[in-house]
Number of protein chains: 2
Amino acid sequence: MARKRFDDSSCSVARALNEVGDWWSLLIVLQAMYGTRRFVDFQQELGIARNILVDRLCRLVDNDVLRKVDVGEHGPRFEYRLTDKGRDLFPVVIALRQWGDKYNPCPEKPPLDLRDRRTGQPVRQLEVQDAEGNPLSVRDVFVQEDPQDDTKQA
Amino acid sequence: MARKRFDDSSCSVARALNEVGDWWSLLIVLQAMYGTRRFVDFQQELGIARNILVDRLCRLVDNDVLRKVDVGEHGPRFEYRLTDKGRDLFPVVIALRQWGDKYNPCPEKPPLDLRDRRTGQPVRQLEVQDAEGNPLSVRDVFVQEDPQDDTKQA
DNA sequence: TAATAAGGTTGCTTAATGAAACCAGATTTC
DNA sequence: GAAATCTGGTTTCATTAAGCAACCTTATTA
């Protein structure tokens, strides 16, 4: 049967995964962050099947993560550009990258070295913080229960 | 054909997605962060098919994201608990949650209110920062090229 | 002794993935 | 000016994975 969707889930993580939680969407967003904008370039850099790429690009455009722009001087030529919503996936991608670098480093080459364009300094390790900026682990947080919230759902 | 895997990809994001990038794995990790540990509880709270749950739990255990513990006093009774590696997905989950809350809020109820257990203060918005703690956007960073790294791959 | 619970496994159906072929409009090349 | 090329797809088809429901085994409870 069809893959289950979470459009109406009360969990925002589930709803987020609904938009970018498949195998390709986040990688497409990542490529876009690297500067890729054209259909053929996504196809070649990711090695994704073309029909799947069409499907994912359309879905990302529908979900306002990418914007399809006709940049053709003579004849149609399209670019897929990140929207603000798409750019706001930056922390998600960085969090995944740092986790991957920590636990599944590539044996052959060092991890990609992301740096601040202005200072040349490396990007800081992401962490969940409290109001004062102190690091928080899973066990340090709780869900403030809402009186109206009768049932917890996925 | 089979879904493409990224085990050998040079991109750590791709390798990370290989482990937790399908529709269910991250939600299972999320549930585990909420405190769920038992097979039936995962099944009921997520509404996932049992065979798929078996598959995902096994994969997460294989990838050292979860640990399967026999807690049976008399007879087998199992718990699936987060490992350190699994707990380190906290920033990923929080980043996704904050993104989801910002762009796809649930119309009926307010977003889950995550708070610091110690102070009761809400969790701070995640952001990518430079060495001094200033926020960085996608456009503020670049990849420090490695001399040995001849080809960029997905 | 029967019923229930935990933790799966098996079979079946349907949906999604991937490869490759094809296609149409525009452009460059010969 | 005809042929080849590029871009951005669409179509077809074989394979795989997801979802559902039924079943199964061991252990506990009624």
Side-chain angles (χ1 to χ4, degrees), chain A residues 1-9 14 17-28 31-32 35-63 66-81 154, chain B residues 1-9 14 17-28 31-32 35-63 66-81 154:
Chain A
M1 269 222 166
R3 162 187 301 152
K4 188 163 288 193
R5 310 308 297 255
F6 308 102
D7 311 80
D8 53 349
S9 170
L17 289 176
N18 217 21
E19 298 197 350
V20 295
D22 67 302
W23 290 91
W24 287 116
S25 297
L26 252 191
L27 288 177
I28 291 173
Q31 274 302 319
T36 302
R37 298 178 156 193
R38 302 280 287 282
F39 186 90
V40 262
D41 295 332
F42 282 112
Q43 213 251 305
Q44 289 186 353
E45 306 207 48
L46 292 172
I48 182 176
R50 311 173 66 108
N51 48 353
I52 305 299
L53 178 57
V54 171
D55 180 80
R56 291 307 184 278
L57 287 174
C58 287
R59 198 142 78 200
L60 289 169
V61 168
D62 284 346
N63 288 332
L66 295 177
R67 214 172 57 248
K68 183 174 183 176
V69 184
D70 189 338
V71 294
E73 295 283 311
H74 16 249
R77 201 101 325 166
F78 299 108
E79 283 190 1
Y80 293 89
R81 298 186 189 160
Chain B
M1 271 223 161
R3 163 187 300 153
K4 187 164 289 192
R5 308 308 297 256
F6 307 103
D7 311 80
D8 53 348
S9 171
L17 288 176
N18 216 22
E19 299 197 348
V20 295
D22 67 300
W23 290 93
W24 287 115
S25 296
L26 253 191
L27 288 178
I28 291 173
Q31 274 301 319
T36 302
R37 299 177 154 193
R38 303 280 289 281
F39 185 89
V40 262
D41 294 332
F42 282 112
Q43 213 249 308
Q44 290 187 352
E45 305 209 49
L46 292 171
I48 183 177
R50 307 171 67 101
N51 49 351
I52 305 301
L53 179 56
V54 171
D55 181 79
R56 291 308 184 277
L57 287 174
C58 286
R59 197 140 80 202
L60 289 169
V61 168
D62 284 346
N63 288 332
L66 295 178
R67 215 171 57 247
K68 183 174 182 176
V69 184
D70 188 339
V71 295
E73 294 284 308
H74 16 248
R77 202 102 321 168
F78 300 108
E79 284 190 359
Y80 294 90
R81 298 186 190 162

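Naming: A, B, ... by sequence-line order, numbering from 1 per chain.
Ring geometry for Phe6(B) against Trp23(A) counts as tilted: the plane angle lies between 30° and 60°, on a 0 to 90° scale.
Of the candidate nucleotides dG19(D), dA6(C), dA19(C), dA6(C) has the atom lying nearest to any side-chain atom of Val40(B). Nearest nucleotide to the Phe39(A) side chain, out of dT17(C), dG8(D), dG7(C): dG8(D).
Asp55(A) comes within contact range of no nucleotide atom at all, as no heavy-atom separation falls under 4.0 Å. Trp24(B) comes within 4.0 angstrom of the backbone, heavy atoms only, and of no base. Counting non-hydrogen atoms under 4.0 angstrom, Val54(A) reaches a base of the nucleic acid.
Atom P of nucleotide dT16(D) and atom CD1 of Ile52(B) are separated by 15 Å, given to the nearest angstrom. Following rounding to the nearest Å, Arg56(B) (CZ) and dG7(C) (C1') show an atom-to-atom distance of 18 Å. As a whole-Å value, the separation of Trp23(A) CH2 from dT16(D) C1' is 13 Å. Here the P atom of nucleotide dG8(C) and the CZ atom of Phe42(B) are 12 Å apart, to the nearest Å. One atom, CG of Asp22(A), and another, P of dA17(D), lie 16 Å apart when rounded to the nearest Å. Here the P atom of nucleotide dT10(D) and the CZ atom of Phe78(A) are 11 Å apart, to the nearest Å. One can place CG of Leu53(A) at 10 Å from C1' of dG8(D), the figure rounded to the nearest angstrom. The CD-C1' distance, from Gln44(B) to dC20(D), rounds to 16 Å in whole Å.
For dG7(C), the base has a donor-acceptor partner in the side chain of Arg50(B) [N/O atoms by modelled type, under 3.5 angstrom].
Residues Phe78(B) and Lys68(B) are in side-chain contact: their nearest non-hydrogen atoms beyond the backbone lie under 4.5 Å apart.
Here Arg77(B) does not reach the OP1 or OP2 of dA27(D): none of its side-chain N or O atoms lies under 4.0 Å away. For Lys68(A) and dG9(D), the shortest distance from a side-chain N or O to OP1 or OP2 is below 4.0 Å. The side chain of Tyr80(B) contributes no N or O atom lying less than 4.0 Å from OP1 or OP2 of dA6(C).
Closest-nucleotide positions on DNA chain D for Asn51(A) and Glu79(A) were compared, and the one nearer the 5' end corresponds to Glu79(A). Two residues, Lys4(A) and Asp41(A), neighbour DNA chain D, and the one matched to the more 5' nucleotide by heavy-atom proximity is Asp41(A).
At least one donor-acceptor pair closer than 3.5 Å links the side chain of Gln43(A) to the backbone N or O of Ile48(A).
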Worksheet entry | Worked check of side-chain contact (heavy atoms from CB on, under 4.5 Å) between Arg50(B) and Phe39(B) | CA-CA 9 Å; Arg50(B) 307 171 67 101; Phe39(B) 185 89; 3.9 Å; yes

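For the side chain to side chain contact (heavy atoms under 4.5 Å, CB included) criterion with Arg59(B), the lone passing option out of Asp22(B), Val54(B), Asn18(B) is Asp22(B).
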